[in-house]
2 protein chains.
Amino acid sequence: MGKKGEDTRTRILDTAQDMILGNGYAGVSIDKLISRLGMTKGAFFHHFKSKGDLATALITRFADDGVELFKESLARARKFSSDPLQQLIILIGQYEEIFENLEDPYPGCLLASYVYELQQFSEETREIINREFLLSRKELTGLFREIMKKYPPRIDVDIKSLADGFMSLFEGAFVLSKSLQEADVTYQQLQHYKTYIRLLFDPKLAA
Amino acid sequence: MGKKGEDTRTRILDTAQDMILGNGYAGVSIDKLISRLGMTKGAFFHHFKSKGDLATALITRFADDGVELFKESLARARKFSSDPLQQLIILIGQYEEIFENLEDPYPGCLLASYVYELQQFSEETREIINREFLLSRKELTGLFREIMKKYPPRIDVDIKSLADGFMSLFEGAFVLSKSLQEADVTYQQLQHYKTYIRLLFDPKLAA
DNA sequence: ATTTAAACATACCAAATGGTACGTTTAGCA
DNA sequence: TGCTAAACGTACCATTTGGTATGTTTAAAT
């Protein structure tokens, strides 16, 4: 595929994602999509063999990007410190950087959008979505295990669900942010998550 | 409206809500809805003058129920204790009761479903949704203010976003629960929220 | 300069969509 | 019992839907 074709494909994906996050997958017809793209049906079906093909390409890209961001952030955190608690704090901080000083509310998470329309998609789609949730659960649970070994928690907590809380945080914050049209919700919830972690494990707070 | 008509209307609302939480609003056609209801188009349009009318009736009912549950839970909590921190703990506990020992993952929140299709709805719809978010924000912020007066927090936190965290918790947990098909996600996140609150304010944890 | 395949446009189709007009049945009340 | 309005069924319609068949243009390699 040539460069121009690849660009067009990306443009379709970007516009489709933007529209889906505001209308849902079923709420975005191909006609409306190509109309906003200033493109014809022939062009669209040259790049995607069906609407379902677009759906799969979209969620795959979104999930892969999310996983990549998570892995990179974790790797960077591991470079900056050898202490597991500091690594987690740094990891959260990197997400804080992304969501602080946003002008507009975050457009939302495509995973969540799909989850509320899951019966429209194949089982494969659910697996693609779960792959991201389960990966962060696994990585964060491992990190929490290290933290727990070094820093006994003030209150005993389940670390798997503590890890889930991180992903859950975004999904929840995005919903509130979108509806209330407040851009800082996600950043604030990240701060609370960080505070919770520090209260649980950080010995410096003993004073 | 007679009793039978009212029953039918409720049946339509219940079935529509169930289908929308799995397919999205645009993903549920009237044909599919009445097919699952074993009902004809004439019957449906006797009770709702349009699909949008159904949408409004649904979100209004859902939001009102949510507000009512919240107000009742808060009122009950205020009866059981005069201490604001205990009131909040009791309030959370009542939601824990709802979400513990669930057999199936919670079907989801209609507010969130609508939020990811907001462009399909009127501005009124957004206001109905925001009403619930803003009410719980207001009530909880007030409660946190009382708590803070009596129990100085271990770490200084923003109480408005701390209140938002409660609503956000559900929205996030529902997404994970639906996708992973795990019924206990919401209950676990409620426990973490409670733990966070206690770590912030509960003086008994000073030991 | 010619070929070739990717990139896109045009015109069309069967099915599904939300909605309406109008007919029939049912339940309660005078 | 007869009347009336609510409750529901049938048949139909214009539009939109996802998708296809068949073109034309563009860009790069031979």
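By convention in this document, chain letters (A, B, ...) are assigned in the order of the sequence lines, proteins followed by strands, and residues within each chain are numbered from 1. Side chains included, hydrogens not; waters and symmetry mates left out as well; all remaining heavy atoms used.
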Rounded distance (Å) that lies between atom [atom2] of [N] and atom [atom1] of [X]:
X	N	atom1	atom2	value
Phe48(B)	dC8(D)	CZ	C1'	14 Å
Arg9(A)	dC8(C)	CZ	P	13 Å
Leu54(B)	dG18(C)	CG	C1'	12 Å
Leu37(A)	dA7(C)	CG	P	16 Å
His47(A)	dG19(D)	NE2	P	17 Å
Arg11(B)	dA7(D)	CZ	C1'	13 Å
Lys32(A)	dT15(D)	NZ	P	16 Å
His46(A)	dG23(D)	NE2	C1'	15 Å

So which nucleotide from [options] ends up closest to the side chain of [X]?
X	options	result
Thr40(B)	dC8(D), dG18(C), dC8(C)	dC8(D)
Met39(A)	dT17(D), dG9(D), dA9(C)	dA9(C)
Ser29(B)	dG19(D), dT17(C), dT10(D)	dT17(C)
Ala43(A)	dG19(D), dA9(C), dC8(D)	dA9(C)

Selection residues 166-189 of chain B - residue pairs positive for salt bridge (charged side-chain N to carboxylate O under 4.0 Å, His left out), sequence neighbours left out: Arg137(A)-Glu182(B)
Summary of salt bridge (charged side-chain N to carboxylate O under 4.0 Å, His left out) pairs that have at least one residue in residues 23-34 of chain A, sequence neighbours excluded: Asp31(A)-Lys41(A)
Aromatic plane relationship, Phe99(B) with Tyr106(B) - under 30° parallel, 30 to 60° tilted, over 60° perpendicular: perpendicular
Parallel, tilted or perpendicular: ring planes of Phe166(A) versus Phe170(A), cut at 30 and 60 degrees: perpendicular
Helical bend (five base pairs per end, nearest 10°) for the helix from dA1(C)-dT30(D) to dA30(C)-dT1(D): 10°
Pairwise 5' ranking along DNA chain D for Lys49(A) and Asp31(A), keeping only the more 5' one: Asp31(A)
4.5 Å side-chain heavy-atom contact, Phe144(A) and Met148(A):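 Phe144(A) vs Met148(A): side chains apart.
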Heavy-atom neighbours of Arg126(B) CZ exceed 12 at 6.0 Å: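 Check passes, neighbour count above 12.
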Intermediate values then yes/no, side chain to side chain contact (heavy atoms under 4.5 Å, CB included), Tyr25(A) and Leu58(A): CA-CA 11 Å; Tyr25(A) 171 73; Leu58(A) 267 174; over 6 Å; no
Side-chain donor/acceptor contact of Lys41(B) with base of dG9(D) under 3.5 Å: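 Side chain to base: no pair present.
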Sugar-phosphate only, base, or nothing, as touched by Phe45(B) at under 4.0 Å among non-hydrogen atoms: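 Base contact - Phe45(B) has a heavy atom under 4.0 Å of at least one base atom.
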